[in-house]
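The structure under discussion appears below in the form of C-alpha cells.
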Amino acid sequence: MPELPEVETVVRGLAPSLVGRRITAAHVLHRPSIAGTPAEPACVIGLRVERVFRRAKFIRIELESGMGMAIHLRMTGWLGILAAPRIRAFSKPQFQTPNPQSAIRNPQSHIRVWFELDGGQDALVFRDIRTFGRVWCGSTPALDKLPAIAQLGAEPLELPTVEFARRLRSRRGRLKALLLNQKFLAGIGNIYADEALFAARLHPLADASQVSARAAAALHRSIKRILIAAIKAGGSSISDFRHPDGAPGWFQRKLRVYGREGRPCVRCGAAIKRIVMGQRGTWFCPRCQGRRWAKRTVHRQDAKRHQGRQGKKKGL
DNA sequence: CGTTGAACCTGTTTGC
DNA sequence: TGCAAACAGGTTCAAC
C-alpha cells in the first residue's frame, strides 16, 4: 500500500507524539509479523524514543542505548498510537477473527504487534490485514545490516539529477522495472512509477539504456515533483492507507494514469491502456508515452521468441 | 544482469 | 443470488 509519500506521511504524523515517550511493554500477537527480527521486541522495553525517520519505505524509530525498530508496512500495514484500554479489549482472540464488515473501518482489528507507552494510557500499534508487513527490533547497527535495508539504493529526493541520469542509462531493462527496483532507487512503488513515467512521457517498457540523457533528467524531475506533491497531499488513499490519526490522504484525486484504464488521457484524449508487467498492473497512455518504445519492445519480444526457437533446435 | 512466476496473506470487486 | 476468479500500495526466492 504505502510508497515513499505515504511512509513519509506516517513518520511526520507519528514523530511529534512519539519522540520523548518511553516504551514500557511489548506484545506480539502474530509471530510471523516479527520474522527476521535481530532481537526479540522485549529488547526495547524501558527505552525512550529519540528519533523517528524514514528510509525508503521503512519507518525507523531510534531509541536510547543505540537500540531501535524498523517497520515496513508492505501492502496493508498501519502504524499509529491508540488508547491502551481499547487495544487490550480488541486484542482478545474473538476480535482477531477477520470481520468483513468492519475490517477497514475498525482500526482495532488486525493488531499484530503493539508497544505500551509510559503513563499506560496509550500505545504504539502495528496493525496489518494481509500480514506482509514486518516489525524488526534490535540495535541500530543490527537493523542497518538487514539485507533489505543495507542494499537500498539512493533516496530519489536526495540524488542529484545528473547522477540519476547516469545510473539509469547504464542499466539495461525496462524503465518501470528499474523504478520499482529498491536497490536502484529507494521508495518508488507501483502508483508513483506509473505517474512519473506518464509525466515524463516515457513508455514503461522502454529500455533504460536507450533513454537520452535529457529524457532521463526529465524523468527524475517528474519523480521529484510528484513525490513532493504527494507528500504535501498526505499520500494516496486508494483503499486502506490511513494516516496515524486515521485521516486519509488526498493525492489519489490527482493521479493522472494509475487505475484509469479505458478513460481518456488527460493530455491527448486517447484511451489509457492497462498491461501487466512483472505481475503488477501498469497504466500508460499508448499515444503520448512514446509509440517508438512500444515498437522496440515488440521487436525485442520477436527476437526473443526467435532465439527461443533456435535454442530449442540447438538443444535437440 | 534481467525476467518470470510463485509464494507470502486477507479482503473486496468483478464477471459469468 | 452465488460462487469463482481477478485484483490490491510490496518483497523475496528459485529457475532460466
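Source: prediction; values computed, not measured. Here is how names work: the chains are called A, B, and so on, in the same order as the sequence lines, proteins then strands, and each is numbered from 1.
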Checklist entry - Among the nucleotides C/dT11, B/dG5, B/dT3, which one has an atom lying closest to any side-chain atom of A/Ala177? => result B/dT3
Item to check | Ring centres under 6.0 angstrom apart (A/His27, A/Phe115) | outcome: no
Next on the checklist: Determine whether A/Asp128 and A/Arg112 satisfy the following criterion, salt bridge (Lys or Arg N to Asp or Glu O under 4.0 Å), listing intermediate values before the conclusion.
Outcome noted: CA-CA 7 Å; A/Asp128 187 18; A/Arg112 309 298 184 190; 5.5 Å; no
May I have the list of side-chain donor-acceptor pairs in residues 10-17 of chain A shorter than 3.5 Å, sequence neighbours left out?
from	atom 1	to	atom 2	distance (Å)
A/Arg12	NE	A/Glu8	OE2	2.8
A/Arg12	NH2	A/Glu8	OE2	3.4
A/Ser17	OG	A/Leu14	O	3.3

Checklist entry - To the nearest Å, how far apart are A/Glu261 CD and B/dT13 P? => result 18 Å
Checklist entry - Does anything in residues 157-178 of chain A pair up under ring-ring contact (aromatic ring centres under 6.0 Å, His included), and if so which pairs, sequence neighbours excluded? => result A/Phe164-A/His220
Checklist entry - Between A/Gln279 and A/Asn181, who's closer to the 5' end of DNA chain B by nearest nucleotide? => result A/Asn181
Item to check | Members sharing A/Phe53's hydrophobic cluster (side chains within less than 4.5 Å) | outcome: none
Next on the checklist: Work out how far the P atom of B/dG5 is from that of C/dC7, and round it to whole angstrom.
Outcome noted: 14 Å
Next on the checklist: Please report the distance, rounded to the nearest Å, between CG in A/Leu179 and C1' in C/dT11.
Outcome noted: 17 Å
Next on the checklist: Classify A/Phe251 by what it touches in the nucleic acid, base, sugar-phosphate, or nothing, heavy-atom distance under 4.0 Å.
Outcome noted: nothing
Checklist entry - How close or far is atom P of C/dG10 from atom CE of A/Met277, stated in whole angstroms? => result 12 Å
Next on the checklist: Taking the minimum atom-to-atom distance to the side chain of A/Met75, which one of B/dG2, C/dG10, C/dC7 wins?
Outcome noted: C/dG10
Checklist entry - Under 4.0 angstrom, heavy atoms only, what part of the nucleic acid is A/Ser33 near: base, sugar-phosphate, or nothing? => result nothing
Item to check | Between B/dC1 (C1') and A/Arg172 (CZ): distance, integer Å | outcome: 6 Å
Checklist outcome for this item: Separation of C/dG10 atom C1' from A/Glu6 atom CD, nearest Å, is 12 Å
Item to check | Nearest-Å distance for atom pair CG/C1', residues A/Leu175 and B/dT3 | outcome: 15 Å
Next on the checklist: For A/Ser65 versus A/Leu47, what's the shortest heavy-atom pair and its separation?
Outcome noted: OG-CD2, 3.8 Å
Next on the checklist: Please give the distance between the P atoms of C/dA5 and B/dA7 as a whole number of Å.
Outcome noted: 15 Å
Checklist entry - Of the nucleotides B/dG11, C/dG10, C/dT12, which has the atom closest to the A/Ala148 side chain? => result C/dT12
Item to check | Residues that, via side-chain heavy atoms closer than 4.5 angstrom, fall in one hydrophobic cluster with A/Leu146 | outcome: A/Phe58, A/Trp136, A/Leu143, A/Ile149, A/Leu152
Item to check | Selection from C/dA8, C/dG10, B/dG11 that lies nearest to any side-chain heavy atom of A/Arg274 | outcome: C/dA8
Item to check | Paired and unpaired positions of DNA chain B as dot-bracket, Watson-Crick or G-U wobble under 3.5 Å, | denoting a partner strand | outcome: .|||||||.|||||||
Item to check | Atom-pair distance (NZ on A/Lys176; C1' on B/dT3), nearest Å | outcome: 15 Å
Checklist entry - Would you say A/Phe132 stacks on B/dC8, if stacking means ring centres under 5.5 Å apart and planes within less than 30 degrees? => result yes
Item to check | Nearest-angstrom distance, C1' atom, C/dC3 to B/dC8 | outcome: 25 Å
Item to check | Side-chain N or O of A/His110 closer than 4.0 Å to phosphate OP1/OP2 of B/dG11 | outcome: yes
Checklist entry - Does anything in residues 272-284 of chain A pair up under side chain to side chain donor-acceptor pair (under 3.5 Å), and if so which pairs, sequence neighbours excluded? => result A/Lys176-A/Thr282
Checklist entry - Roughly how many Å is it from CZ in A/Arg169 to C1' in B/dC1, rounded to a whole number? => result 19 Å
Checklist entry - Between C/dT11, B/dT4, C/dG10, which nucleotide gets closest to the side-chain atoms of A/Gln182? => result C/dT11
Checklist entry - For residues 218-227 of chain A, which residues have at least one heavy atom under 4.0 Å from DNA chain C? => result none
Checklist entry - Can you tell me how far CG of A/Leu178 sits from CG of A/Leu185, rounded to the nearest 0.5 angstrom? => result 9.0 Å
Item to check | A/Glu163: partners by side chain to side chain contact (heavy atoms under 4.5 Å, CB included), with sequence neighbours left out | outcome: A/Leu159, A/Pro160, A/Arg166, A/Arg167
Checklist entry - If you link I, L, V, M, F, W and Y whenever their side-chain heavy atoms are under 4.5 Å apart, who else ends up in the same group as A/Ile45? => result none
Next on the checklist: With a 4.0 Å cutoff (strictly under), does any side-chain N or O of A/Arg130 reach OP1 or OP2 of C/dG10?
Outcome noted: no
